[in-house]
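A short worksheet on the structure shown next.
Whatever order the structure lists ligands and atoms in, that order sets their numbers, starting from 1. We use all heavy atoms of the structure for the numbers below, so side chains are in, but hydrogens, waters and symmetry mates are not.
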Amino acid sequence: MKLKTTLLASVIACAPMAVLAADLTIGFSQIGSESGWRAAETTVTKQEAEKRGITLKFADAQQKQENQIKALRSFIAQGVDAILIAPVVATGWDEVLEEAADAEIPVVLLDRTVDADKSLYLTAVTSDLVHEGKVAGEWLVSEMNGANCRIVELQGTTGSSPAIDRKAGFEQGIAGHDNLQIVRSQTGDFTRAQGKVVMESFLKAEGGENICALYAHNDDMAVGAIQAIKEAGLKPGEDIKIVAIDAVPDAHKAIADGEMNATIELTPNMAGPALEALEAYLADGTEPAKWIQTESKLFTAKDDNLAIFNAKKDLGY
Ligand code: GZL
């Protein structure tokens, strides 16, 4: 706790404040459990804290920004040593981040970014969300090889940095290829249930025979859409090509079954690099880079998706 850390620091005289990870108490404001990937991130974050002997105070916001702001204020009042947050949307954080800064509590962003002054957080551990979208677009360009393709898009949570950036990246990926056209685009809020409902509305509005491909901002919405495509009497992965992001086990299974075509991996372990940066900062003031980027890897039917499914299925998704 902050008090203990301060006492410890004073005991160590004028040496840099050497704080042992085992003394740390860190607050973690998690968005919720909207997707398999999010559930895996929660599991891995708890594991990463435990193996470092860090006390993790976990708060599930159930997709609501006001709950995350409440959680951060509670962590500040408790005097935690640091805060991890996966911010549900990109805006509206300045005030509470200022309060954390005033309390000298470092904040690390996980998997999403915020539209706030970079001085208000220590670092952000995320993938390159624009790049992920671009890889998805470029894959479809290559897959269609010049043939016309009417695309429907399932966007992530409105106002979230992945929804904004993955949309922009995909449009960059298909730019200059007029044979590819996005004809419908709507949020499925990163969930399977909404992915299915919105895909049903796309099929009804466009006619399944007029939809060539689905780009979903995450695998969970794609898996929901696969159900809708099947119920419409069409073959997902064949009649409608499907590319998404996260590389959760069920996406690898769908690709292995020929019901999906490509996914781009997002590691659920954002907490490892985040806690390493925090430990160094709290120990001797080492400032990390403002962005710690995690890698993005494309998986297609060329990969051994069944083996990858079996390797990933027990990792907390
Ligand atoms: C992206 C992350 C997204 C995942 C979804 O960095 O914020 O949120 O792609 C999750 O599965 O809902």
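Those atoms of ligand 1 that come under 4.0 Å of a heavy atom in Glu34, given as number and element, are 8 (O), 10 (C), 12 (O). Applying the 4.0 Å criterion to heavy atoms of Asp111 picks out, from ligand 1, the atoms 1 (C), 2 (C), 6 (O), 7 (O). Each of the atoms 1 (C), 6 (O), 9 (O) of ligand 1 lies under 4.0 Å from some heavy atom of Leu266. Near Phe190, meaning under 4.0 Å from one of its heavy atoms, ligand 1 places the atoms 5 (C), 12 (O). Which parts of ligand 1 touch Ser35 is read off a 4.0 Å heavy-atom cut-off, strictly below it: atoms 5 (C), 10 (C), 11 (O), 12 (O).
Of the N or O atoms in Trp37, none lie within a sub-3.5 Å distance of an N or O in ligand 1. Of the N or O atoms in His217, none lie within a sub-3.5 Å distance of an N or O in ligand 1. Remark: ligand 1 and Ser127 share no N or O pair separated by less than 3.5 Å (distance only, no angle test).
The cationic group of Lys46 does not satisfy the cation-pi geometry with Phe28, failing either the under 6.0 Å distance to the six-membered ring centre or the 45° limit from the ring axis. Annotation: cation-pi geometry satisfied between Lys297 and Phe299 (NZ/CZ under 6.0 angstrom from ring centroid, within 45° of ring axis). A cation-pi arrangement is absent between Lys134 and Tyr215, since the terminal nitrogen or guanidinium carbon is not both under 6.0 Å from the aromatic centre and inside a 45° cone about the axis.
The shortest non-hydrogen separation linking Tyr281 to Leu122 is CD1-CD1, 3.7 Å.
Within the 4.0 Å heavy-atom cutoff, Leu129 counts among the residues contacting ligand 1. The shortest separation from a heavy atom of Asp246 to ligand 1 is under 4.0 Å, placing the residue in contact.
Here OH of Tyr317 is found 12.0 Å from CZ of Arg38. Values are rounded to the nearest 0.5 Å. A distance of 7.0 Å separates CG in Leu306 from CG in Asp304, rounded to the nearest 0.5 Å.
Contacts between Arg166 and ligand 1 below 4.0 angstrom, taking non-hydrogen atoms only, involve the side chain exclusively. Contacts with ligand 1 closer than 4.0 Å are made by no heavy atom of Thr126, backbone or side chain.
When each of Glu66, Glu99, Glu98 is paired with Arg73, the salt bridge (Lys or Arg N to Asp or Glu O under 4.0 Å) condition holds for Glu99 and for no other.
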Q) Should Glu41 and Gln30 be marked as a side-chain hydrogen bond (donor to acceptor under 3.5 Å, both in side chains) after you check the CA-CA gap, both sets of side-chain angles, and the distance that decides it? A) CA-CA 9 Å; Glu41 184 188 56; Gln30 178 58 296; 3.0 Å; yes
